> 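My questions will all concern the structure given below.
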Amino acid sequence: MSGMWFVLPMWAGLGELVAAVLGVLALLVWGVFELRELNLKIETKLPIRVSRETNDDEHF
């Protein structure tokens, strides 16, 4: 608990720390869902290629 005072500003308490942690977790979960919706295919062989996978059912 005392280590938190070296990282957070003086006005920040335990409630603000919990809110910040929950906010970061929410952003990470949101980012994962957004990346899954992009339907990206990443090949790890050299050279690295990034392409978008599309279904025949998708019409733009």
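Small disclaimer: the values here were computed from a predicted structure and weren't measured.
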> Name all residues meeting the side chain to side chain contact (heavy atoms under 4.5 Å, CB included) criterion together with Val24; count only those two or more places apart in sequence or in a different chain, and write none if there are none.
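Residues passing side chain to side chain contact (heavy atoms under 4.5 Å, CB included) with Val24: Leu28.
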
> Output every pair passing side chain to side chain donor-acceptor pair (under 3.5 Å) with a member in residues 15-26, not counting sequence neighbours, ordered by first then second residue.
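Counting only pairs at least two positions apart or across chains, no side chain to side chain donor-acceptor pair (under 3.5 Å) contact touches residues 15-26.
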
> Strictly by side chain to side chain donor-acceptor pair (under 3.5 Å), give each pair with a member in residues 18-28 just once, sequence neighbours left out.
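Pairs touching residues 18-28 that pass the test: none.
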
> Under 4.5 Å between side-chain heavy atoms, chaining through other members, with only Ile, Leu, Val, Met, Phe, Trp and Tyr counted: pull out the rest of the cluster around Leu27, sorted by chain and number.
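When side chains under 4.5 Å apart are linked, the cluster holding Leu27 also contains Trp30.
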
> Does Leu17 belong to the same Ile/Leu/Val/Met/Phe/Trp/Tyr cluster as Leu25, with side-chain heavy atoms less than 4.5 Å apart forming each link?
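Same hydrophobic cluster.
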
